[in-house]
Amino acid sequence: MNKQRAWRRPWISLLCGAVLLCGGARAAGQAKPLAGADVPQIYERLLKQIDRIPIYDNHSHATFPDDSDMDAMAAPPGESSVLRLRDDNPEFVAAAKALFGYPYGDFQPEHAKWLVGKKKAAEASGNTTYWDGILDKLNIETCLANRVALAPYLNPKRFRWVFFMDSVMFPFDNSSQTAKNGDMGVYVPLQEKVLQRYMKQGGVSGLPSDLAGYEEFVRRTVRDNQKKGGVAMKFEAAYFRSLYFSDPPREKAEAIYAKYHAGGVPSEDEYRTFQDYIFRVLVDEAGKRHLPMHFHSAVGIGDYFSMRNGNPLNLENVVRDPRYSNVNFVLIHGGYPYTLDMIWMTAAKNVYTDSSLMGYYVYPSELKRILKQWISLFPERMMFGSDAFPFNDAVGAEETFWLASRSARTAIAAALAELVSEGAFSEQKALELARMYLHDNAAKLYGAQP
Ligand SMILES: [Zn+2]
């Protein structure tokens with residue numbers, strides 16, 4: 001201990017004494033562990049204001065159900081669904097009533113065709129007013145659309161494109177990847193299709209002859225997608241492999257590329273090493289282009305999704321790497337069920353998360369619990385996301401937009417009402433925090449409209 005600190009000690013003791021003497025006055029200001037009986041009234045007041053906040057949706061798949069560009073992957077057949085997303089959830093009927101005045105109380109085929117007909121007619125009209133109207137009804141101002149390509153029926157002023165980049169990690173013979181399990185049998189051929197599409201887009205007829213050529217193709221694809229309006233790049237890598245990316249030297253990747261670009265099946269180790277290297281190229285390009293990187297970072301669909309591989313803590317070595325401090329990482333779906341780990345990942349200034357997917361996997365009471373924890377820690381890093389997605393021809397992205405946005409507005413109002421009642425902060429501060437979650441954090445991250 002140095003002399004200066006020893007000299008300061010009596011003053012610190014005096015200060016502590018003064019604080020203790022003032023303890024009575026301070027006690028009234030300390031938050032309580034139990035909320036009071038006023039929670040329902042505070043909730044009603046807050047919800048009225050929160051309903052007026054225009055939403056900036058960090059993640060959706062705005063789409064008609066027959067449009068295969070809605071995602072770079074598809075659900076494997078027969079996958080199990082959580083309770084809330086099953087066809088008989090009465091909330092979906094409530095959504096269809098609120099959005100379209102659906103006159104029935106269930107989705108029996110003879111009833112559902114009323115709704116399917118309405119949506120088919122909107123799709124046939126081909127204009128953008130339909131989806132703008134859905135956003136207007138839900139007070140969603142802007143929405144990121146994570147799709148293989150932005151659809152002509154989506155207004156680019158309201159729907160901003162997030163493109164997929166996993167496909168460039170699958171340039172070789174993928175037969176051993178595809179054969180791993182039934183899920184990979186569905187996912188990997190779809191990645192190959194996206195890669196083919198990017199090669200066509202880039203005017204490339206076959207794989208370049210060396211790694212330098214392939215890297216240039218990868219970087220050019222990112223730049224082209226950004227020019228087409230892309231505001232972020234998305235990775236569904238958690239479905240295919242571990243989110244842990246090592247940092248292999250270029251020579252290793254170069255040798256693997258030379259060995260397999262013209263044919264042959266790489267070993268598991270070789271493929272992973274190559275993917276780790278190309279991933280690092282993408283992170284570098286994301287930094288140069290100021291493009292946030294989105295990651296699926298939660299449980300996933302399918303029967304073979306690895307919880308261990310998909311755990312967002314796997315990304316710690318990347319998001320905490322000072323070389324990438326210029327890259328914004330957005331770990332979507334809140335890392336669910338690792339939501340507490342997730343919010344601590346966002347302690348770094350360039351890491352964000354959102355409540356997409358889990359906002360409709362769980363009911364609002366559970367979402368409230370998670371949002372209460374998050375907003376008490378790093379409110380600048382959390383965003384709303386709907387993960388709006390069509391489940392069938394009747395229950396579409398429209399109904400999931402409704403379910404996700406209603407759940408989030410009510411859950412954040414309830415979380416904040418409890419905190420206000422517990423004495424954590426004022427109602428005014430609560431509304432400020434709600435605006436950050438529902439709109440401002442995302443608006444700041446993605447900047448002004450193009
Ligand atoms: Zn999604």
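First listed ligand is number 1; within each ligand, the first listed atom is number 1.
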Report the atom name of the nearest N/O/S atom of Asp387 relative to the Zn ion (ligand 1).
OD1
Return yes if some donor-acceptor pair links the side-chain N/O of Tyr104 with the main-chain N/O of Val93 below 3.5 Å, else return no.
no
Donor-acceptor check, side chain of Trp374 to backbone of Thr339, threshold 3.5 angstrom: yes or no?
yes
Between Asp71 and the Zn ion (ligand 1), is there a contact where an N/O/S atom of the residue lies under 2.8 Å from the metal?
no
Has His61 got an N/O/S atom less than 2.8 Å from the Zn ion (ligand 1)?
yes
Strictly under 2.8 Å, is the Zn ion (ligand 1) approached by any N, O or S atom of His59?
yes
Does Arg280 qualify as a cation-pi partner of Phe245, given the criterion of NZ or CZ under 6.0 Å from the six-membered ring centre and within 45 degrees of its axis?
no
Under-4.0 Å salt bridge between Lys119 and Asp66:
no
